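Every chain is numbered from 1, with letters handed out A, B, ... down the list of sequences. Everything numeric here is computed off the predicted structure, so don't read it as measured data. Excluded from the calculations below are hydrogen atoms, water molecules and symmetry mates; all remaining heavy atoms, backbone and side chain alike, are included.
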Amino acid sequence: MENQEKNHKIKKVSIICAKGNLEDVYAALVLANGAVMDGLEARLFFTFFGLDAVVKKRMNKLQTATVGNPALRMPNGARMPKLLGMIPGIQKMVSNMMKKQMDELDVPPVDEFLDMITAGGGEVYACKLAVDMFKVSKDDLSEHVSDILTVGEFYEKASGEDAQIIFT
Amino acid sequence: MAQKTLAGKNVEVTEEGYLQDFNAWNEDIAKELAQEEGIELTDDHFKVLNFLREQYQKEANLTIRKVGKSGITDIKGFYALFPGGPLKKASKIAGIPKPTSCV
């Protein structure tokens, strides 16, 4: 049984991030970095609003939604009142608090996280459609992005034995 | 839990092969554990292993990022020294428990 499990270990993961919220981007980054740390091949593919995670000017300024986020709680554990979330500046403040807490757990800012992932051999890609749609040029993208891919090219890179595609 | 003979010494290891007793470790045991992982230990490896042991004694939460900021090696160098799972492999060879961090 043990051997069987070992033989069917995942060897390769391709992770798609289509949202630009702090938590969605970090979910993708943690999964990719965790894969690289465990010796798996990992590829990250940023599309739609997820593209912000690889746009130099925006990548370290991602925020978490304080409106329409029912799981959001205040430091005392009470639910955040809905109207409070709409006050100007609150979203930035809450997002910065989350970033600070993550830093305490050694979770780095986005650019440094991408540094870690690529240092371990992980690859980062941007979606061609999103790049065209948001009128972003290659120069706007982080140097960690190795290419801008079409869907077909993404599937080519994502395929292989014991390969998984994960959507965050 | 299991018994294992490493460098002529009988030691207790977990099912995954991590040493149970921090103090049972020595450089010869490290060399033998490294061989099992296909790694030939050099001085650079030992610098990392000693750093991990020190940090473990300080009860620090070990992460790849911490090793990268240690000044001993950068993250790329860490991956090059212990290919295919640096934190787990280095922890095993350093005689400390399996890392529990997600980063």
Side-chain angles (χ1 to χ4, degrees), chain A residues 1-3 5-7 9-13 15 22-23 25-44 53 60 98-124 142-144 146 162 166 168, chain B residues 1-2 4 13-18 33-39 44-45 48-49 51-52 54-56 58-94 96-103:
Chain A
M1 186 65 196
E2 202 185 315
N3 272 336
E5 276 173 16
K6 268 186 188 149
N7 289 340
K9 222 180 139 182
I10 304 170
K11 288 184 189 143
K12 178 172 170 179
V13 287
I15 299 152
L22 189 66
E23 63 270 28
V25 169
Y26 269 92
L29 293 172
V30 170
L31 282 169
N33 183 61
V36 173
M37 267 172 73
D38 255 2
L40 311 184
E41 272 185 57
R43 285 175 180 76
L44 271 165
N60 289 328
M98 276 177 69
K99 285 176 199 169
K100 200 175 144 248
Q101 299 225 319
M102 287 196 291
D103 189 64
E104 281 167 19
L105 294 170
D106 240 350
V107 178
V110 174
D111 58 348
E112 194 191 332
F113 220 157
L114 290 173
D115 234 4
M116 285 170 60
I117 292 165
T118 51
E123 293 168 13
V124 181
S142 152
E143 76 270 22
H144 296 299
S146 51
D162 293 321
I166 302 167
T168 67
Chain B
M1 221 192 285
K4 198 171 172 182
V13 292
T14 65
E15 274 174 25
E16 290 173 293
Y18 290 81
L33 285 168
Q35 258 169 15
E36 288 173 13
E37 302 288 343
I39 297 168
D44 287 341
H45 288 97
V48 174
L49 297 178
F51 172 76
L52 290 177
E54 272 166 33
Q55 293 297 315
Y56 173 71
K58 284 186 202 157
E59 291 176 24
N61 184 29
L62 286 169
T63 61
I64 288 200
R65 191 187 189 204
K66 209 160 261 161
V67 177
K69 291 195 168 171
S70 63
I72 296 168
T73 179
D74 57 10
I75 292 176
K76 215 169 188 166
F78 189 32
Y79 274 96
L81 287 171
F82 301 94
L87 196 58
K88 276 188 188 167
K89 285 190 181 176
S91 295
K92 188 188 263 187
I93 297 168
I96 61 174
K98 187 178 174 179
T100 51
S101 164
C102 283
V103 282

Considering only heavy atoms, give the residues of residues 31-38 of chain A separated from chain B by less than 4.5 Å, sorted numerically, with 'none' for an empty result.
-> A:N33, A:V36, A:M37, A:D38

Check the surroundings of atom NZ in B:K76: do more than 12 heavy atoms from other residues, nucleotides or ligands lie under 6.0 Å from it?
-> no

Please flag which part of B:K66 lies under 4.5 Å from any non-hydrogen atom of chain A: side chain, backbone, both or neither.
-> both

In terms of heavy-atom pairs under 4.5 Å with chain A, which of B:I64, B:N61, B:L87 leads?
-> B:I64

Chain B heavy atoms under 4.5 Å from A:L105: which part of the residue, side chain, backbone, both or neither?
-> backbone

Under a 4.5 Å heavy-atom cutoff, which of B:G85, B:P99, B:A80 has the most pairs with chain A?
-> B:G85

Shortest non-hydrogen contact between B:I75 and A:A119, atoms and distance = CG2-CB, 3.7 Å

